[in-house]
Structure formats: C-alpha cells, structure tokens
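Here is the structure we will look at.
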There are 2 protein chains.
Amino acid sequence: MDSRHLQQVRRFNRAVTRRIGALADDYLGCGRPLGEARLLFEIGREGADVRDLRARLALDSGYLSRLLRSLERQGLVSSRRAADDGRVRRAVLTAKGRSELDALERRSQDAAAALLAPLGERQRERLVAAMGEVERLMRAAAVTIEPADPDSADARACIETYFRELDERFEGGFDPARGPSAEPEELVPPAGLFLIARLDGRPVGCGALKLRGKGMGEIKRMWVEPASRGLGIAQRLLDALERHAAEAGVNVLRLDTHRALDEARSLYVRNGYAETAPYNANPYAHHWFEKRGLRRRS
Amino acid sequence: MDSRHLQQVRRFNRAVTRRIGALADDYLGCGRPLGEARLLFEIGREGADVRDLRARLALDSGYLSRLLRSLERQGLVSSRRAADDGRVRRAVLTAKGRSELDALERRSQDAAAALLAPLGERQRERLVAAMGEVERLMRAAAVTIEPADPDSADARACIETYFRELDERFEGGFDPARGPSAEPEELVPPAGLFLIARLDGRPVGCGALKLRGKGMGEIKRMWVEPASRGLGIAQRLLDALERHAAEAGVNVLRLDTHRALDEARSLYVRNGYAETAPYNANPYAHHWFEKRGLRRRS
DNA sequence: TCATTTACCTGACTAAAGTCAGGTAATGGA
DNA sequence: TCCATTACCTGACTTTAGTCAGGTAAATGA
C-alpha cells in the first residue's frame with residue numbers, strides 16, 4: 001500500500017484525536033463522567049434495550065448495569081422489562097434525563113461551532129464537505145462482507161426488503177413466486193454461496209451465487225440498501241462472488257436483470273459482463289449478461 | 001451558523017472517534033497503558049526535555065514524573081540532566097525503548113492500512129485527500145490570533161525570521177536598518193498593535209499596526225511562516241488589525257510592499273486596498289497601497 | 001548575595017473505567 | 001418437561017488516569 005497514504009492517515013488520526021478529543025472532553029464532560037454521558041446519548045429520546053446498548057457501546061455487562069443504576073439514582077433514566085421478552089430491560093429517559101440530553105446536545109453543538117468559528121465562510125464549507133467525504137468513506141471501509149446462511153434471520157430480512165423494492169420499482173409489481181427459483185438450499189456450499197454486507201453488524205446488502213455445474217455459475221440476489229448506495233458495496237459483493245466462483249471452477253458467470261435497474265446494469269457492464277441472448281424465461285428479466293474467463297485473483 | 005454544517009461536524013466527530021478510537025486502542029495499546037504509549041511516541045527517537053513533554057501532552061508534573069519512572073523501570077527510557085540547564089531533565093529512549101517505538105509505529109501503520117484495505121483504489125485516494133483537507137483546515141481553525149508584546153521572545157523570533165526571509169527573497173538582500181522604522185515601542189497600545197498568530201502555542205505568523213494620528217494608520221510586519229501558508233492566517237491577521245484600527249478611529253490605512261512579495265500584494269488587492277503614489281522613501285518598497293473608509297464590524 | 005522562580009520529584013489521595021466470577025430469572029428448543 | 005441459553009444483575013476486585021500539597025535543587029534577577 002502507498003506509504004504516503006498511510007502517513008496521511010496517521011497524521012489525520014493524530015490531528016483529529018487531539019482536537020476532537022480535547023473538545024469532546026471539555027464540552028461533553030460537563031461534570032459527568034464520560035461513560036454516563038455516552039450512555040445518555042446512546043439511550044436517546046426513544047429509549048433503548050439494554051442489550052443493544054451493551055452491543056453499541058461494547059461495554060461489559062456488569063459495568064453497564066452499574067452505569068444504568070447510577071443514572072437511575074440520579075433520576076435521569078428509568079427502566080422496566082421489555083414487553084415482548086421478559087429477560088431484556090428497556091431503558092428510557094425521564095423528563096429530567098431528556099433535559100440533560102438537551103444540555104449535552106447543546107454542548108456538542110457548541111463544540112462543533114467552536115471548531116468552525118475561526119474559519120472564513122469558504123474554508124468552512126470546504127471543511128464540512130471534506131468531513132462528509134471522510135465520514136462516508138470511513139463508513140464504506142467499515143463494511144464487511146461475509147458468507148451467511150441464506151436461511152438466517154438477517155438473510156431473510158435482506159431478501160424480503162430486496163423483493164419489496166423490486167415490487168415498488170417494477171411497473172407491474174413483483175411476485176417472487178413467478179421468477180426463477182433461488183431457494184436457500186441452492187445458495188449454501190457446495191451448491192452456491194450467500195454473502196451479507198454488514199455495517200457495524202447491521203445488514204446493508206447481499207448477493208448470491210448459484211453454481212450450476214459444468215463451469216457455469218449465476219449471480220442472484222444482488223442488493224444494497226438505498227441508504228448505503230454509492231459506497232462501492234455492490235462492487236465488493238460482486239468481487240467476492242466472482243472470486244468464489246473462480247475458485248469453484250466456474251468459467252462462465254451469468255445473470256439476468258430488469259430494465260428498471262439501471263445502476264445494476266452499469267455495474268455489470270463496468271465489470272466486463274456482455275449482454276447475451278436470454279438464457280431463461282424469467283418474466284422479470286429484460287437483459288441477460290455473461291462473463292467468460294474468470295481469473296483467480298492472487 | 002449553518003445548522004447543517006454543525007450537524008455534519010457532529011456526525012464526523014462521532015464517526016471518527018468510534019472508528020479511529022477503536023483502532024487506536026486496539027493497536028496502539030498492545031498491553032501498555034495508553035498514557036505510556038503516547039509518552040514513548042512523544043519522546044521519539046531524538047529524545048525530549050521533560051518540560052516540553054509536559055507542555056505537549058498537557059500532563060500534570062507529578063503524573064508525568066511517575067510515567068517516566070515507570071518507563072525507566074521497564075528499561076525503555078533513560079533520563080539525565082540537560083547540559084545547559086541543570087534543572088531540566090532530558091529523556092531519551094534506550095535501545096529497548098527504540099525497538100518498542102518501532103513496534104508501536106508498525107502497529108499504527110497497520111491500523112492505517114486496515115482502515116484503507118477494504119476500499120478500492122479510487123475510494124482510497126479520495127479518502128486520503130479528504131483526510132488531508134480536514135487535517136489542514138482543522139489546523140487552520142486551531143490558529144489563534146492575539147496581541148503580544150513586540151519585545152517578547154516570540155515576537156522577536158517572528159520578526160527575525162521575517163527579516164531573514166526578506167533577505168533571501170529580495171534580489172539585493174534586506175537590511176532592516178535601511179527601511180522605515182517600526183520600533184517595539186511604536187507597536188504597543190496606544191501607539192499601535194502587534195499581533196501573533198499561534199498554532200498550539202507556537203508562533204506561526206505576525207502582523208502589526210502603527211497609528212500615525214489624524215485618522216491615519218499603517219500596516220507593518222505582516223508575515224506567516226512558509227509551512228503555514230494557505231490556511232488563511234494572513235487574512236485573519238489583516239482582519240484583526242483592521243478591526244483594531246477602525247476602533248482606534250483610523251479612516252485611512254496604508255502600507256508598502258516589495259515587488260517580490262506577490263502573495264502579499266494579492267491579499268491587499270483582494271481586501272480592497274488600492275495602489276497609490278509613494279508615501280515614503282522606503283528603498284525596499286515598490287508598491288504603496290491604501291484603503292479608505294474602514295468600518296467597525298459588528 | 002539572597003530571595004524568587006523554575007523544573008522536577010514524592011507521597012497521598014480520588015475518580016473513572018473496566019474485569020471477572022458468580023448469581024437469578026425468563027425463554028426456547030429437544 | 002427440562003435443560004441449555006440468554007439477559008441481566010451484584011460483589012469484589014484491578015488498572016488507569018489524574019490531582020494536590022508539599023519538598024529539593026538549579027537558575028535568575030535585583
């Protein structure tokens with residue numbers, strides 16, 4: 001990797017942790033330990049399940065428990081059993097807690113304003129734009145792509161959202177029963193592969209590969225949630241599927257797609273897929289693509 | 001201030017502290033408390049005076065002492081009296097300390113690489129560029145501009161560096177004795193004003209104002225160190241001087257400049273200064289400017 | 001020369017943050 | 001129905017980070 005890039009990243013890390021860290025401590029602290037402040041933030045106006053808090057803040061169960069008791073003693077938070085599962089507790093802010101959160105948010109706002117204040121209008125715009133870019137691309141970098149059981153809850157949720165989107169985008173709607181099959185059992189090794197892209201554990205996209213034998217493979221279920229598009233996730237899913245296909249001995253990879261899905265079509269064209277004659281009778285397909293001569297990547 | 005800007009800054013803070021913070025702790029920690037790791041970093045290969053370490057890390061004297069003793073016990077650092085001042089101690093890394101620093105830097109490098117690894121080449125370039133921009137502009141925002149005694153060590157250092165630069169840039173060199181005077185006593189209120197721009201306490205630029213009575217003022221000693229140019233520091237110095245001049249009742253502000261100093265000339269033109277006939281016999285001046293009708297800013 | 005300042009140190013604290021080993025109650029699958 | 005799992009809690013720790021009040025030695029300025 002380019003060592004100037006690494007240098008820049010390290011300089012950035014140092015600069016940002018110094019400046020942001022200093023501001024965050026001064027402003028957010030406000031007499032309260034940082035852990036409690038973060039917890040108030042994370043509970044938020046809608047409240048949160050303790051289980052989720054533990055995951056989001058990556059805290060020890062006992063430690064979190066104690067933090068919550070402390071906030072309860074201060075009258076900022078109340079908690080009770082969750083309605084649907086008696087084991088989990090749901091924490092919500094009291095009126096006092098909400099006004100404390102307001103104060104925190106005001107301070108956070110002030111910290112942001114203090115950072116921008118010394119700059120002129122044009123510099124300010126450029127800084128904000130660059131921050132947006134960094135945030136977006138760091139988000140992209142935090143996306144992981146891993147094989148998953150196509151029958152798992154996350155996988156089902158992805159596919160369901162995917163189908164719902166197709167139903168909205170196709171002029172005549174979409175009925176999964178009418179298209180060609182891709183049952184869960186067809187998408188687990190050795191018959192195929194199902195990948196989920198996750199951001200901080202939450203599924204944000206998926207893609208699948210169906211191995212048809214004789215060096216043939218088919219790409220299915222390529223989808224990225226709307227809020228996470230433009231981060232190169234589909235490209236990474238496709239890369240991973242192609243790598244797996246090549247390792248499974250696939251020479252010809254094909255797929256079909258609907259005319260409404262322009263961004264998908266351009267992804268495939270960009271990746272060397274060529275339009276071919278229809279290879280199936282999918283009523284929702286208007287374009288058929290194939291790519292020959294997959295290479296194993298080093 | 002634009003609330004979308006503030007929102008973006010806050011989102012950025014959160015995103016960055018989560019991702020960088022997590023990386024920094026995991027990688028840099030490496031079994032060692034963060035404080036000690038930071039200290040090793042800060043001592044660096046050339047060693048450092050304890051006094052400077054205290055200032056740079058903003059640590060309590062007693063706390064720093066203890067951290068140093070701990071590193072000494074681990075055989076990573078040795079310290080002895082400074083040669084020139086028996087009160088200050090100089091800390092240097094031992095061979096073991098240097099190899100520990102190597103390990104730390106390798107980890108930091110790895111963390112940077114891990115951040116970039118999932119991205120494609122183009123995204124990587126954009127992220128690095130945006131990080132550079134953020135770092136640069138946050139540096140710009142951290143610059144403070146304050147009045148200073150023109151006779152202080154920092155002020156003298158600024159002026160000396162300024163003169164040395166003039167001596168290099170002017171074809172025939174520069175001899176301060178031959179130009180018009182701006183003695184320290186002329187640059188303290190109420191006769192005038194001397195401003196120093198600082199980044200983390202270190203002077204990076206200066207600017208002065210000489211009040212000549214009858215609504216006349218003159219800008220002098222405008223300088224920004226080469227490494228900090230392009231951050232809008234000169235603009236902020238000029239703004240501050242103009243503000244002070246307006247408050248002191250100045251109507252006409254003038255200045256002279258050398259033909260070699262293009263960037264200065266364009267700064268003045270951009271700020272509404274108009275070229276006029278020579279108002280002095282400064283042998284180093286080729287352009288004379290003045291600005292009329294200064295306004296008090298709200 | 002002598003008081004003051006500066007640089008650093010030690011000892012005695014405290015608060016925050018985090019870990020770990022056990023517990024209890026609710027849930028869910030065999 | 002029962003047993004493993006999950007979610008959460010409590011108590012008993014440790015480590016890290018930081019503060020504060022004093023103290024010593026070197027340097028500095030009147």
Side-chain angles (χ1 to χ4, degrees), chain A residues 17-18 21-22 24-26 28-43 47-74 77-92 151-153 201, chain B residues 17 21-22 24-26 28-43 47-74 77-92 151-153:
Chain A
T17 47
R18 275 187 62 166
D25 287 5
D26 287 0
L28 291 184
C30 93
R32 185 179 308 293
L34 208 103
E36 290 187 5
R38 284 203 305 156
L39 187 50
L40 275 179
F41 250 118
E42 212 61 44
I43 293 173
D49 290 349
V50 172
R51 174 177 43 179
D52 296 342
L53 293 172
R54 195 163 42 238
R56 290 213 294 265
L57 294 166
L59 290 179
D60 173 81
S61 155
Y63 183 32
L64 175 58
S65 226
R66 230 179 306 279
L67 280 177
L68 274 172
R69 285 307 85 72
S70 160
L71 289 178
E72 281 180 20
R73 264 199 311 281
Q74 295 170 60
V77 168
S78 74
S79 67
R80 58 170 185 286
R81 290 227 145 82
D84 53 332
D85 185 337
R87 291 168 301 179
V88 319
R89 286 184 84 78
R90 184 156 187 87
V92 289
D151 223 359
S152 64
Chain B
T17 46
D25 287 4
D26 286 1
L28 293 184
C30 94
R32 184 178 310 292
L34 210 103
E36 290 187 5
R38 284 203 305 156
L39 188 50
L40 275 179
F41 250 118
E42 212 61 44
I43 292 173
D49 290 349
V50 171
R51 173 176 44 178
D52 296 341
L53 293 173
R54 195 163 43 237
R56 292 212 293 265
L57 293 166
L59 290 178
D60 172 82
S61 155
Y63 183 32
L64 176 57
S65 226
R66 229 178 307 279
L67 280 178
L68 275 173
R69 283 309 84 72
S70 160
L71 290 178
E72 282 180 19
R73 263 199 312 281
Q74 293 170 61
V77 168
S78 74
S79 68
R80 57 169 186 284
R81 291 226 144 84
D84 52 330
D85 185 336
R87 290 169 302 179
V88 318
R89 284 184 84 79
R90 185 157 187 85
V92 289
D151 224 359
S152 65

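Predicted model, so just to flag it, every value in this text is computed and none were measured. Convention: sequence-line order gives letters A, B, ...; per-chain numbering from 1.
- Taking the side chain of B:Pro33 as heavy atoms from C-beta on, and the options D:dA17, C:dC8, D:dC9, the nearest nucleotide is D:dA17.
- Here the C1' atom of nucleotide D:dA26 and the CZ atom of B:Arg51 are 12 Å apart, to the nearest Å.
- Scanning residues 77-88 of chain B for heavy-atom distances under 4.0 Å to DNA chain C yields B:Arg87, B:Val88.
- For A:Arg73 and D:dC9, the CZ to P distance is 13 Å, given to the nearest whole Å.
- Counting heavy atoms from C-beta outward, B:Leu59 and B:Leu53 have side chains that stay 4.5 Å or more apart.
- Checked against side chain to side chain donor-acceptor pair (under 3.5 Å), B:Asp85 has the following partners two or more places apart in sequence or in another chain: B:Arg87.
- For A:Ala55, the side chain to side chain contact (heavy atoms under 4.5 Å, CB included) test picks out no residue, with sequence neighbours left out.
- Here the side chain of A:Arg81 pairs a donor or acceptor atom with the backbone of A:Gly86 at under 3.5 angstrom.
- Distance CG (A:Asp49) to P (D:dC9): 12 Å, rounded to an integer number of Å.
- Of the side-chain N and O atoms in B:Arg69, one or more sit less than 4.0 angstrom from OP1 or OP2 of C:dT10.
- In this entry the distance linking CG of A:Leu71 with C1' of D:dC9 reads 16 Å, nearest Å.
- Within the structure, no pair that satisfies the salt bridge (charged side-chain N to carboxylate O under 4.0 Å, His left out) test touches residues 57-68 of chain B, not counting sequence neighbours.
- Not counting sequence neighbours, A:Arg51 has no partner by the salt bridge (Lys or Arg N to Asp or Glu O under 4.0 Å) test.
- Distance, B:Arg56 CZ to C:dA7 P: 15 Å, rounded to whole Å.
- Partners of A:Arg54 according to the salt bridge (Lys or Arg N to Asp or Glu O under 4.0 Å) rule, which considers only residues two or more places apart in sequence or in another chain, do not exist here.
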Atom pairs, protein N/O to nucleotides 18-20 of chain C N/O, distance under 3.5 Å:
{"from": "C:dT19", "atom 1": "O4", "to": "A:Arg66", "atom 2": "NH2", "distance (Å)": "3.3"}

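- Rounded to an integer number of Å, the gap from B:Leu64 CG to D:dT19 C1' is 14 Å.
- Taking atom CG of B:Leu67 as the reference point, atom P of D:dG18 lies 9 Å away to the nearest angstrom.
- You'll find that the side chain of B:Arg54 is closest to C:dA7, out of D:dC9, C:dC9, C:dA7.
- Residues forming a side chain to side chain donor-acceptor pair (under 3.5 Å) with B:Asp52 (at least two apart in sequence, or on another chain): none.
- The distance from atom CG of A:Leu57 to atom P of D:dC8 is 13 Å, rounded to the nearest whole Å.
- For A:Ser70, the side chain to side chain donor-acceptor pair (under 3.5 Å) criterion is met by A:Glu36, A:Gln74, not counting sequence neighbours.
- Under 4.0 angstrom from either OP1 or OP2 of C:dA16 there lies no side-chain N or O belonging to A:Arg32.
- Checked against side chain to side chain donor-acceptor pair (under 3.5 Å), A:Ser79 has the following partners two or more places apart in sequence or in another chain: A:Glu72, A:Arg89.
- Comparing the helix axis at one end of the helix from C:dT1-D:dA30 to C:dA30-D:dT1 with that at the other, each defined from 5 consecutive pairs, gives an inter-axis angle of 20° (nearest 10°).
- Counting all heavy atoms, side chain and backbone alike, A:Val77 lies closest to A:Ala91 at CG1-CB, 4.1 Å.
- Under the salt bridge (Lys or Arg N to Asp or Glu O under 4.0 Å) criterion, A:Arg56 pairs with A:Glu42, sequence neighbours left out.
- Both B:Leu68 and A:Glu36 sit near DNA chain C, but only B:Leu68 has its closest nucleotide nearer the 5' end.
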